[in-house]
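No hydrogens, no waters, no symmetry mates; every other heavy atom, side chains included, goes into these values.
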Amino acid sequence: MLKSTEVSASTPLDNQVGGGHYKKYKVQPIEYAMVNGLNYCQANAIKYVSRYKDKNGLEDLLKAVHSIQQLIGFEYGEEAAKRVSISID
């Protein structure tokens, strides 16, 4: 364990809490989002689409759709966001 005065040689991108599903990417979703100045909704959509096969499958894809629906609501209004719907049977 590090003492408060010690500095770790690793970066925050080297350390992932709760799994290793982002480490396999050449560019992690957070790196892509930060470099490209994406907002929260855009970054979340990319994060969920990137990891769905390695983490939560369909649930992550639905979260991506929800993030896009939120983005549409912020950018174009709630009526436009209501046009986005998904039905899973």
Side-chain angles (χ1 to χ4, degrees):
M1 186 162 150
L2 293 176
K3 295 179 184 176
S4 61
T5 57
E6 293 180 23
V7 177
S8 172
S10 64
T11 70
L13 292 173
D14 294 330
N15 301 312
Q16 182 178 330
V17 177
H21 44 279
Y22 297 123
K23 288 184 179 184
K24 73 176 194 170
Y25 302 126
K26 291 180 182 179
V27 177
Q28 292 187 28
I30 188 67
E31 290 177 280
Y32 179 83
M34 295 299 289
V35 168
N36 289 289
L38 302 186
N39 66 38
Y40 183 78
C41 295
Q42 292 171 305
N44 267 344
I46 288 169
K47 171 183 74 173
Y48 291 129
V49 168
S50 297
R51 76 178 198 190
Y52 83 97
K53 287 183 179 179
D54 300 313
K55 192 162 184 195
N56 296 320
L58 179 59
E59 180 183 346
D60 276 345
L61 292 176
L62 293 172
K63 287 179 179 182
V65 170
H66 185 243
S67 293
I68 293 168
Q69 188 176 28
Q70 289 173 320
L71 178 60
I72 291 170
F74 285 119
E75 295 289 327
Y76 300 100
E78 290 302 315
E79 288 303 312
K82 289 178 184 176
R83 293 174 53 193
V84 179
S85 65
I86 253 189
S87 176
I88 299 178
D89 297 326

Value rounded to 0.5 Å, distance of CG in Leu71 from NE2 in His66: 12.0 Å
Connected-component partners of Val35 among ILVMFWY, side-chain separation under 4.5 Å: none
Check: Asn36 side chain, Tyr32 main-chain N or O, donor-acceptor pair, under 3.5 Å: yes
Ion pair check, Arg51 and Asp60, cut-off under 4.0 Å: yes
For Lys82, salt bridge (Lys or Arg N to Asp or Glu O under 4.0 Å) partners two or more places apart: Glu79
Side chain proximity check, Asp54 to Tyr25, heavy atoms < 4.5 angstrom: yes
ILVMFWY network linking Ile68 to Tyr76, side-chain heavy atoms under 4.5 angstrom: yes
Of all pairs that satisfy salt bridge (charged side-chain N to carboxylate O under 4.0 Å, His left out), the ones with a partner from residues 61-78, not counting sequence neighbours: Glu59-Lys63
Considering only distance and modelled atom types, tabulate donor-acceptor pairs under 3.5 Å from the side chains of residues 42-50, sequence neighbours left out.
{"unit_1": "Gln42", "atom_1": "OE1", "unit_2": "Asn39", "atom_2": "N", "d": "2.8"}
{"unit_1": "Gln42", "atom_1": "OE1", "unit_2": "Asn39", "atom_2": "ND2", "d": "3.4"}
{"unit_1": "Asn44", "atom_1": "OD1", "unit_2": "Lys47", "atom_2": "NZ", "d": "3.2"}
{"unit_1": "Asn44", "atom_1": "ND2", "unit_2": "Tyr40", "atom_2": "OH", "d": "3.4"}
{"unit_1": "Ser50", "atom_1": "OG", "unit_2": "Ile46", "atom_2": "O", "d": "2.7"}

Path from Val84 to Phe74 over hydrophobic side-chain contacts below 4.5 Å: no
